[in-house]
Q: 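Take this structure first; my questions come after.
Bear in mind that the values here come from a model prediction, so they are computed numbers and not experimental data. Quick note on labels: first sequence line is chain A, next is B, and so on, each numbered from 1.
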Amino acid sequence: MSESSPEKEVVVKKNFIHQIVEEEINAGKNNGLIHTRFPPEPNGYLHIGHAKSICLNFGTAQKYKGITNLRFDDTNPSKEDTEYVDSIMEDVRWLGFDWGDRLFYASDYFGKLFEFAVKLIREGKAYVDDQDAETISSQKGTPTRPGLESPCRSRSVEENLDFFMRMKNGEFNEGQCVLRAKIDMASPNMHMRDPIIYRIMKTPHHRTGDQWCIYPMYDFAHGQCDYWEGITHSICTLEFEVHRPLYDWFVDQLKDTDYRPRQIEFARLNLTYTVMSKRKLLELVKDNHVKGWDDPRMPTISGLRRRGYTPASIRNFSDRIGVTKVDGIIDVALLEHSIREDLNKNAQRVMGVLNPLKVVITNYPEGQVEHLEAVNNPENPEAGTRQVPFTREIYIERDDFMENPPKKFFRLSPGTEVRLRYAYFVTCNEVVKNENGEVVELHCTYDPQSRGGNSPDGRKVKATLHWVSVSENVKAEVRLYDRLFTDEEPDGHKDVDFKTFMNPDSLTVLENCYVEPFVKDAKALDSFQFERLGYFNLDPDSTQDGLVFNRTAQLRDTWAKMKGK
RNA sequence: UGACCCGUGGUGUAAUUGGCAACACGUCUGGUUUUGGUCCAGAAGAGUCCAGGUUCGAGCCCUGGCGGGUCAACCA
């Protein structure tokens, strides 16, 4: 799928991280080099929250003529998989960012990390603890109470070395012992209380297979990898703030130059009504509540992509929301505005009828097919025009007709005249109902003088309707996706029950929908906009999902109000 | 009752480093319009968590409160 939006030069708003970077450049730090990294763990698909981080890391480097690495933080084989690695690379590329030849994995460094651990043991700064997990945990103390030193803390260097080698050689079972850094069990910072740096896991790793049965912990890998890769700014989310002293501690043990990577934290993205927890999203996928990570109802990048979001719209969104340390929550309306803005400007329009109501134009010749010119994009004349077939029988949107219209209903009702877009003025004369009293057909007359949509006598109509020819159309199965949202707790970072966000209307399959035949010949285009109804996306590579349709918030509200009346 | 971080309209972000708070989204009016969209014009909405202090002057500096978040995984 290609990018539909022309690349406008994104002017990235200056944020506090840019401020820091500029000050360092001015001070001559790192010779003015800026080197960032995006370090996802391949344990799930990327979501809109990651997009913020991607834009920040790649964007900051771009802004200051630096470079960015992609590094998979794959230190926990029990959760990781190559499927995730592949999807992450695809999503980062789709967003428009390029890591060049700088693709790394934390697992690339398992050897160096092991040697570093040995060095720490030799220096008396690490020891093997063979107490069970519960004991170790209980000795950690609490945030308000200091911890207790492990009896293993005084083990000799030789013994530690021997233990660690045997750990590596698989002589112990999982959980039997761990390697810990010897720092300070009384530190007010829990992360400095002799943190575990290596644990035994007899799980094959997606890249290193069964080469290792001990794996470094995040804290023991991240800063070192940054250091080895020459990262200057290690940008991560707020919850790692308390890890920073430990990050620095390990780098200090390692470094032999003045250079050191600097960890800077920012607030992760929270969106109203949106579930962003990877754990929850995984559960949705595993329990088949959705069809996959790229289900258009999901807040994943791949889900948004299939929903019709463009890379530029997500980048603009990221820029708009800014970067701070304030742990807030952004209104999804801002995200929706970003895509509406983009599609309005760039998407090809096409007429489609989702819920058809047949209209017979009684004074139009039977069998006649007339082609009328329609503009492809009112925002951009260069997008050209297309020919839309008009016939005696057409479909209009059922919602565009009301037999007993309320006061402010401007569309079609008995006796009123409206315009069929690009076609003619029509007046409703007769409402045909079935035995249940349901409206099945309308009989209208058209004004031949109004061809193209204007009457020579200058009379006005209050509404313009979209329509599709009954005989000259493409029948489609349309799936209406609404994003999953939390009803009760409009708070992105609270865990919620599935029931509160598995809104039953989030996926509606409409089987009798009709779109202009133009769509069939427009495979090269991947993004259209339904006239008036909202936006949808046609992805030629995933026809089984039909048309992905995205109602705008405003239209949804309008509909809700109309229904309420 | 520890450590660290954060408090500016409904939401998010700004404020030339001390000079009577700006922008975007949202909301509400009015206008234009071949779709109740778009576009245009305008309005409402915070006196910057609170209390002191320094200063001619504080959202920015100082002190003390209050409120929120994070941290006690052999997760990242």
Side-chain angles (χ1 to χ4, degrees), chain A residues 13-15 39-41 43 73-76 78-80 106 129 132-133 136-138 140-147 174-180 187-193 195-201 214-215 217-219 221-222 236-245 265 267 272 278-279 317 319-338 340-341 344-345 349 351 374-375 378-379 397 400 408-411 418-423 452-454 461-467 493 529-535 552-555 558 561-562:
Chain A
K13 209 162 64 182
K14 195 155 145 188
N15 59 47
E41 182 188 15
N43 66 345
D73 227 329
D74 55 351
T75 56
N76 183 356
S78 70
K79 290 188 174 174
E80 296 151 7
D129 197 324
D132 59 61
I136 291 176
S137 169
S138 68
K140 272 240 156 138
T142 71
T144 53
R145 239 182 272 275
E174 282 189 19
Q176 210 173 328
C177 50
V178 291
L179 185 70
R180 302 175 71 179
S187 170
N189 184 334
M190 297 291 289
H191 295 279
M192 301 299 274
R193 320 242 262 229
I196 291 167
I197 59 180
Y198 261 99
R199 79 288 211 187
I200 298 167
M201 288 183 100
I214 56 171
Y215 292 94
M217 300 287 288
Y218 163 86
D219 283 312
H222 205 96
C236 62
T237 48
L238 244 32
E239 66 267 29
F240 291 103
E241 224 155 16
V242 281
H243 292 240
R244 195 181 340 128
E265 309 84 11
T272 53
K278 252 193 195 177
R279 213 196 81 239
F317 170 72
D319 186 41
R320 243 187 276 266
I321 60 179
V323 180
T324 63
K325 304 187 79 152
V326 184
D327 185 24
I329 181 158
I330 280 146
D331 195 331
V332 273
L334 201 55
L335 213 210
E336 294 183 335
H337 170 262
S338 296
R340 259 186 269 128
E341 169 189 66
N344 179 53
K345 203 159 215 145
R349 265 65 156 186
M351 291 195 284
V375 301
E379 302 289 316
E397 205 67 60
D400 283 344
K408 291 218 161 180
F409 186 83
F410 300 134
R411 287 165 275 163
V418 297
R419 172 168 39 228
L420 295 175
R421 188 158 210 214
Y422 305 122
N454 283 304
V461 288
K462 280 183 286 185
T464 303
L465 308 186
H466 58 271
W467 52 273
H493 51 200
Q529 181 190 34
F530 268 148
E531 302 280 358
R532 190 169 72 77
L533 285 175
Y535 307 100
T552 67
Q554 275 177 326
L555 284 165
T558 305
K561 279 179 201 160
M562 299 298 293

Q: Mind checking the C1' distance from B:A51 to B:U70? Whole angstroms is fine.
A: 27 Å

Q: Between B:G10 atom P and A:Asp331 atom CG, what is the distance in whole Å?
A: 14 Å

Q: Treating a pair as Watson-Crick (purine N1 to pyrimidine N3 plus N6-O4 or O6-N4) or G-U wobble (N1-O2 and O6-N3) with both distances under 3.5 Å, list the stems of 3 or more consecutive pairs that involve RNA chain B.
A: B:2-7 with B:66-71, B:10-13 with B:22-25, B:27-31 with B:39-43, B:49-53 with B:61-65

Q: Any chance you could list the contact pattern along nucleotides 71-76 of chain B? Use B for base contacts, S for sugar-phosphate-only contacts and - for none, protein heavy atoms under 4.0 Å, 5' to 3'.
A: SBSBSB

Q: List for me each residue that meets side chain to side chain contact (heavy atoms under 4.5 Å, CB included) alongside A:Pro245, sequence neighbours excluded, and say none if there are none.
A: A:Asn189, A:Met192

Q: Got A:Arg180 and A:Ile136 here, is their nearest side-chain heavy-atom distance under 4.5 Å?
A: yes

Q: For the P atoms, the ones on B:U54 and on B:C60, what distance do you get once it is rounded to whole angstrom?
A: 15 Å

Q: Not counting sequence neighbours, which residues clear salt bridge (Lys or Arg N to Asp or Glu O under 4.0 Å) with A:Arg199? List them please.
A: none

Q: From the list B:G37, B:G2, B:G26, which nucleotide is the closest neighbour of the side chain of A:Thr144?
A: B:G2

Q: A:Asn15 CG to B:A15 C1': how many Å, rounded?
A: 16 Å

Q: Under the salt bridge (Lys or Arg N to Asp or Glu O under 4.0 Å) test, which residues partner A:Lys14, sequence neighbours left out?
A: A:Glu22

Q: For A:Ile330 and A:Val326, find the nucleotide of RNA chain B closest to each by heavy atoms; which residue's nucleotide sits nearer the 5' end?
A: A:Val326

Q: In terms of side-chain geometry, is the basic nitrogen of A:Glu241 or A:Lys325 positioned less than 4.0 Å from the acidic oxygen of its partner?
A: yes

Q: Rounding to the closest angstrom, what is the interatomic distance between B:G7 and B:C75 at atom C1'?
A: 30 Å

Q: Can you list everything that forms a side chain to side chain contact (heavy atoms under 4.5 Å, CB included) with A:Met190? Sequence neighbours excluded, please.
A: A:Lys140, A:Pro143, A:Arg193

Q: Quick one: label A:Arg419 by what it contacts on the DNA or RNA (base, sugar-phosphate, nothing), any heavy atom closer than 4.0 Å.
A: base

Q: With heavy atoms under 4.0 Å as the rule, sort A:Ser78 into base, sugar-phosphate or nothing.
A: nothing

Q: When you compare B:G68 with B:U8, how far apart are their C1' atoms, in angstrom units rounded to a whole number?
A: 15 Å

Q: Taking atom types as they are modelled, would you say the side chain of A:Arg411 forms a donor-acceptor pair with the base of B:G36 within the 3.5 Å cutoff?
A: yes

Q: Expressed as a whole number of angstroms, how long is the span from A:His466:NE2 to B:U38:C1'?
A: 17 Å

Q: With a non-hydrogen cut-off below 4.0 angstrom, is A:Leu238 in contact with a base, only sugar-phosphate, or nothing?
A: nothing

Q: Between P on B:G26 and CG on A:Leu335, what's the gap in Å once rounded to a whole number?
A: 12 Å

Q: Whole angstrom is fine here: how far is it from CD in A:Glu341 over to C1' in B:G26?
A: 15 Å

Q: Between A:Ala423 and A:Ile321, just flag the one whose closest nucleotide in RNA chain B comes earlier from the 5' side.
A: A:Ile321

Q: Nearest to the A:His337 side chain among B:G12, B:U13, B:C25, which nucleotide is it?
A: B:C25

Q: For B:G59 versus B:U16, give the span between their C1' atoms, rounded off to a whole number of Å.
A: 15 Å

Q: Need the glycosidic conformation of B:G47: syn if within 90° of 0, anti if not. Which one?
A: syn

Q: Determine the interatomic distance between P on B:A46 and the same-named atom on B:C23; round to the nearest Å.
A: 16 Å

Q: Grab the CD-C1' distance between A:Glu336 and B:U27 for me, whole Å please.
A: 16 Å

Q: Using the C1' atoms only, state how far B:U29 lies from B:U13, rounded to an integer number of Å.
A: 26 Å

Q: Calculate the interatomic distance between A:Asp327 atom CG and B:U13 atom P; express it in whole Å.
A: 10 Å

Q: So A:Tyr218 and A:Asn76, side chain to side chain contact (heavy atoms under 4.5 Å, CB included) or not? Walk me through it.
A: CA-CA 9 Å; A:Tyr218 163 86; A:Asn76 183 356; over 6 Å; no

Q: Just do the side chain to side chain contact (heavy atoms under 4.5 Å, CB included) check on A:Arg320 and A:His337 with the steps written out, would you?
A: CA-CA 11 Å; A:Arg320 243 187 276 266; A:His337 170 262; 3.8 Å; yes

Q: Any heavy-atom pair between the side chains of A:Met351 and A:Glu397 that's under 4.5 Å?
A: no

Q: Expressed as a whole number of Å, how far does the C1' atom of B:G67 sit from that of B:G26?
A: 26 Å

Q: Kindly label the base of B:U17 as syn or anti, based on whether its glycosidic torsion lies within 90° of 0.
A: syn

Q: Can you tell whether the side chains of A:Glu265 and A:Arg244 come within less than 4.0 Å, N to carboxylate O?
A: yes

Q: Roughly, in whole Å, what's the span from NZ in A:Lys345 to P in B:G37?
A: 18 Å

Q: Is there a side-chain contact between A:Asn454 and A:Arg419, using heavy atoms and a 4.5 Å cut-off?
A: yes

